*Asks:* 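Here's a structure for you.
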Amino acid sequence: MSGNKILVVFFSRTGTTRKIASLLANLLGAQVDEIVASTDRSGPFGYVRSLVEALEQRPAQIINSTRDVSSYELVVIGTPVWANSIASPVRAYLIANRSHFKNVAFFCSFARRGNRRALDQMRALAGMPALAECSLTAREALRGESSEILREFVERLERNLDAFRMSQRPRSTLAAKH
Ligand SMILES: Cc1cc2nc3c(=O)[nH]c(=O)nc-3n(C[C@H](O)[C@H](O)[C@H](O)COP(=O)(O)O)c2cc1C
């Protein structure tokens, strides 16, 4: 897939979602953008702040990215699961950019549960269905590019992006192929 057209965006507090984002960017030949929260998330205070925002379903304050999301054919967005929910900085990112996406795909990293709910929230916040979705634990992320979950995710994404491209072609181009 063409790297100029795909952006992988993520927030990560302790590195797992960052690792998955970087693996995906390699597999997809995509550019990467990190969501940066305005307030510190490290240590016990950062943990509690993050937990409370997630429990209250509140967006965090984030530093606005300078990337023009509308110039990408596909934006792949990753979140850690917090309190069975999307992480508050990713909530803020989706709210800020939802009207600019052409296509989205989602991934989340989690420890035990809440991944399905977090993905449901991402879809609702983006206001559109995803071309593909997946969830990985930190252990699965350690498998790197040999992770079956990641491979299946990328394959599904490629298939659905191809279908999108076909649907965008003018009718005359399609007719000329036959
Ligand atoms: C505030 C907070 C709440 C969390 N809540 C959940 C949860 O409900 N379910 C779960 O499986 N993991 C939960 N986790 C664990 C993270 O989702 C998991 O460790 C994730 O891989 C961390 O990603 P990161 O290293 O990119 O920050 C929570 C972590 C934090 C900091």
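Here the structure is a predicted model, which is why all the values come from computation and not from measurement. Counting convention: from 1, in listed order, for ligands and their atoms alike.
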*Asks:* Within the 4.0 Å heavy-atom shell around R112, which atoms of ligand 1 are there?
*Replies:* 10 (C), 11 (O)
*Asks:* Does an N or O anywhere in S50 fall below 3.5 Å from an N or O of ligand 1?
*Replies:* no
*Asks:* Got the closest protein heavy atom to atom 9 (N) of ligand 1, with its distance?
*Replies:* R113 O, 2.7 Å
*Asks:* In terms of hydrophobic clustering (I, L, V, M, F, W, Y; side-chain heavy atoms under 4.5 Å; direct or indirect links), are V76 and V81 co-clustered?
*Replies:* no
*Asks:* Do the ring centers of F11 and W82 come within less than 6.0 Å of each other?
*Replies:* yes
*Asks:* Count the heavy atoms of every other residue, nucleotide or ligand shown that sit under 6.0 Å from CZ of R58, and state whether that count exceeds 12.
*Replies:* yes
*Asks:* Which atoms from ligand 1 have a heavy atom of S12 less than 4.0 Å away?
*Replies:* 24 (P), 25 (O), 26 (O), 27 (O)
*Asks:* Can you list the atoms of ligand 1 that are under 4.0 Å from a heavy atom of R13?
*Replies:* 24 (P), 26 (O), 27 (O), 31 (C)
*Asks:* Protein heavy atom under 4.0 angstrom of atom 19 (O) of ligand 1, is there one?
*Replies:* no
*Asks:* Between C108, G15, S109, flag the one that comes closest to atom 21 (O) of ligand 1 by a heavy atom.
*Replies:* S109
*Asks:* Should we count CD of Q61 as having more than 12 external heavy atoms under 6.0 Å?
*Replies:* no
*Asks:* Using a strict 4.0 Å threshold on nitrogen-to-oxygen distance, state whether E133 and R123 make a salt bridge.
*Replies:* yes
*Asks:* For ligand 1, which atoms sit closer than 4.0 Å to a heavy atom of L51?
*Replies:* 1 (C)
*Asks:* If hydrophobic clusters are built by linking Ile, Leu, Val, Met, Phe, Trp and Tyr wherever their side-chain heavy atoms come under 4.5 Å apart, do F110 and F107 end up in the same one?
*Replies:* no
*Asks:* From atom 17 (O) of ligand 1, work out which of V81, I20, V48, T16 has a heavy atom at the shortest distance.
*Replies:* V81
*Asks:* For Y93 and F101, take the angle between the two ring planes, folded into 0 to 90°, and tell me which bin it lands in: parallel under 30, tilted 30 to 60, perpendicular over 60.
*Replies:* tilted
*Asks:* Are any of the N/O atoms on A111, whether in the backbone or the side chain, positioned under 3.5 angstrom from an N/O atom of ligand 1?
*Replies:* yes
*Asks:* Considering heavy atoms of the protein only, find what lies nearest to atom 8 (O) of ligand 1 and give residue, atom and distance to 0.1 Å.
*Replies:* N84 N, 2.8 Å
*Asks:* For atom 30 (C) of ligand 1, grab the closest protein heavy atom and report residue, atom and distance to one decimal in Å.
*Replies:* W82 CD1, 3.4 Å
*Asks:* Under 4.0 Å, heavy atoms only, figure out whether ligand 1 is touched by the backbone of A83, its side chain, both or neither.
*Replies:* backbone
*Asks:* Under 6.0 Å from the CZ atom of R143, do we count more than 12 heavy atoms belonging to anything else shown?
*Replies:* no
*Asks:* Identify the closest protein heavy atom to atom 24 (P) of ligand 1: which residue and atom is it, and at what distance?
*Replies:* T14 OG1, 3.4 Å
*Asks:* Does any non-hydrogen side-chain atom of L119 lie less than 4.5 Å from one of T79?
*Replies:* no
*Asks:* Using 4.0 Å as the upper bound for N to carboxylate O, is an ion pair formed by R165 and E73?
*Replies:* yes
*Asks:* With heavy atoms of T17 as the reference, note each atom of ligand 1 found under 4.0 Å away.
*Replies:* 23 (O), 24 (P), 26 (O)
